[in-house]
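Source: prediction; values computed, not measured. These values consider heavy atoms only, across backbone and side chains, with no hydrogens, waters or symmetry-generated copies. Letters A, B, ... are given to chains in the order of the sequence lines, protein chains preceding strands, and every chain is numbered from 1.
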Number of protein chains: 2
Amino acid sequence: MIVQAKILIVEDEPAIAELLAFNVMQAGFIALRAEDAPSAWQQIRDHAPDLILLDWMLPETSGVVIAKQLRADARTCDIPIIMLTARGDERDKVLGLESGADDYITKPFSPRELMARIRAVLRRHIPIMPEENVSIGGLELSPTTHRVTAKGHGIELGPTEFRLLQFFMTHTERVYSRTQLLDQVWGTQVFVEERTVDVHIRRLRAALEASGLDNLIQTVRGSGYRFSVT
Amino acid sequence: MIVQAKILIVEDEPAIAELLAFNVMQAGFIALRAEDAPSAWQQIRDHAPDLILLDWMLPETSGVVIAKQLRADARTCDIPIIMLTARGDERDKVLGLESGADDYITKPFSPRELMARIRAVLRRHIPIMPEENVSIGGLELSPTTHRVTAKGHGIELGPTEFRLLQFFMTHTERVYSRTQLLDQVWGTQVFVEERTVDVHIRRLRAALEASGLDNLIQTVRGSGYRFSVT
DNA sequence: GTCTCTGTGTCACACTCCTGTCATAATTTC
DNA sequence: GAAATTATGACAGGAGTGTGACACAGAGAC
């Protein structure tokens, strides 16, 4: 359970930002503020907020662009986003949700409704690792039973290889550096050599080799590794 | 990547300070030292360290106070802090993190763990720079997946050619001298022969030749190279 | 308690592929 | 034509990665 969720408010109009911050703090959250894209990134980097309230209209970079960029980065793609917009246009709503927002609220809004939505989104995001079964490229992984099958045949994996494969199967196509994999699979508070990743990649490949699926895990020289079905 | 991060060691016991400085320098960082609060502020002003190792117990002003002051100042609130403490008390840990420390390590500590924590904290503080996919003139380049397609067909590029193409695709229709390309693609701190650019241009053209897109990279005699779709 | 077994992290070595440089050929400019 | 500039091919060295071995810690079994 998050003790005190940090909520980043990205809003250029001071009056609205102030109102939002007041409500957020009133509800027992920590309010962070940013008035444009650069300062938003700064806040995200420094404080790792648990949720972002993102204004649709911003000077320079629009909220939609920021949302897309957030979703594109491994370190920020799990942060829930609530979009704020002036109009109640359905098209905007679709665009907003497509860009990766988790929810959507139109100005003017009641503080009560805002807080309800924030709480709902946070509640949904408490299970950070969704324990759902994953199936991709001939591989099936079940977190609940802790089982993996490759082309129907069960394969044995150690705990670390299991988590590594789970991460890859839920984050395909993108390249992850050894450092990012350490942060995501081992955790940020664990200290192991970067090259250890190589060894576990090799162990995972060895386990997949019998099914001929070891080529799903690709080496990107100079960058890291990638899980790709193509 | 920070070329050589400067690390300020705030520690009053000379023996421990010496040990820390040795380890920090051994790991390739620059070590700055201060034995009390005033000299720490002096060093911060003069050298703008990238990270601060802060002893919990100091004469006069304690580490916690310094941390809070650092966090209160806009110029220093972004500098990550690692607290050093003698006791492994949980309450101290909470206090330390509340006062604004990014991490916490108890004495005695292994040099290995210390360096790992330093690297982890620095890693988390590198600016998040969202990179977007680029598509131009039949070429598509995706930084996140580290893939390039030319007219739909995937092509293989080495790391340097990839960066070179990425630079060109984001800076089209303009001539860049070899020196400028070295600065932008190789980095300013690297010393390589200007003629090396020619070779990489050639390698990039060779990779694009199969798709007939090698003419996107044009030679401007006497000036340099240009990426142009016209 | 000892013993075994499994999983993990680290290291040393092998190997691949990239990279910078040079010599030489080709091209452009005057 | 000569001079200047660029293209190309070849190559040695090195950075980055694959792989096997090993030590160690922890969980059970007995």
note = Residue pairs meeting ring-ring contact (aromatic ring centres under 6.0 Å, His included), one or both in residues 158-177 of chain B, sequence neighbours left out, come to B/H146-B/F162, B/F167-B/H171, B/F167-B/Y176

key: Nearest-Å distance for atom pair CG/P, residues B/N215 and D/dA7   = 14 Å

task = Return the set of residues passing salt bridge (Lys or Arg N to Asp or Glu O under 4.0 Å) with B/R33 (not counting sequence neighbours), or none when no residue passes.
result = B/E18

task = Measure from CZ on A/R205 to P on D/dT19 and round the result to the nearest Å.
result = 7 Å

key: Sequence-aligned protein contact record of nucleotides 17-25 of chain C, with B where the base is within under 4.0 Å of a protein heavy atom and S where only the sugar-phosphate is   = BSBBB----

request  = Answer yes or no: does a side-chain N or O of A/Y225 lie under 4.0 Å from OP1 or OP2 of D/dG18?
outcome  = yes

key: Contacts of A/E173 that satisfy salt bridge (Lys or Arg N to Asp or Glu O under 4.0 Å) - sequence neighbours left out   = B/R147

ask   = If you look at every strand shown and take non-hydrogen atoms under 4.0 Å, does A/F162 touch a base, only sugar-phosphate, or nothing?
value = nothing

task = Could you pull out all residues at least two apart from B/E35 that satisfy side chain to side chain donor-acceptor pair (under 3.5 Å)?
result = none

Distance-only criterion, 3.5 Å: show the donor-acceptor pairs between side-chain atoms of residues 205-213 of chain A and protein atoms not counting sequence neighbours.
unit_1, atom_1, unit_2, atom_2, d
A/R205, NE, A/I217, O, 3.3
A/R205, NH2, A/I217, O, 3.0
A/R205, NH2, A/T219, OG1, 2.7

query = Can you name the side-chain contact (heavy atoms from CB on, under 4.5 Å) partners of B/S135, sequence neighbours left out?
reply = B/E140

key: B/D183: partners by side chain to side chain donor-acceptor pair (under 3.5 Å), with sequence neighbours left out   = none

inquiry  = Going by side-chain contact (heavy atoms from CB on, under 4.5 Å), name the residues that satisfy it together with B/E156, two or more places apart in sequence or in a different chain.
reply    = none

inquiry  = Restricting to salt bridge (Lys or Arg N to Asp or Glu O under 4.0 Å), what partner residues turn up for A/R195, sequence neighbours left out?
reply    = A/D198

key: Length of the line joining B/D198:CG and C/dT28:P, which is rounded to integer Å   = 15 Å

remark   = Between B/G224 and A/V220, the residue closer to the 5' end of DNA chain D by nearest nucleotide is B/G224

query = Does the B/R71 side chain pair with the main chain of B/I79, one donor and one acceptor, at a distance under 3.5 Å?
reply = yes

task = Return yes if a side-chain donor-acceptor contact under 3.5 Å exists between B/D73 and B/Q69, otherwise no.
result = no

query = Atom CD of A/Q218 and atom C1' of D/dT17: how far apart are they, to the nearest Å?
reply = 15 Å

ask   = Taking for each residue the nucleotide of DNA chain D bearing the nearest heavy atom, is the 5' side occupied by A/R178 or by A/R202?
value = A/R178

note = Numerically ordered, the residues 137-148 of chain B set in heavy-atom contact under 4.0 Å with DNA chain C is none

message = Just to be sure I follow the notation: if a pair is Watson-Crick (purine N1 to pyrimidine N3 plus N6-O4 or O6-N4) or a G-U wobble (N1-O2 and O6-N3), each under 3.5 Å, what dot-bracket string does DNA chain D give, with | for pairs to another strand?
response = ||||||||||||||||||||||||||||||

message = Side-chain N or O of A/T219 versus OP1/OP2 of D/dG16: is the shortest distance under 4.0 Å?
response = no

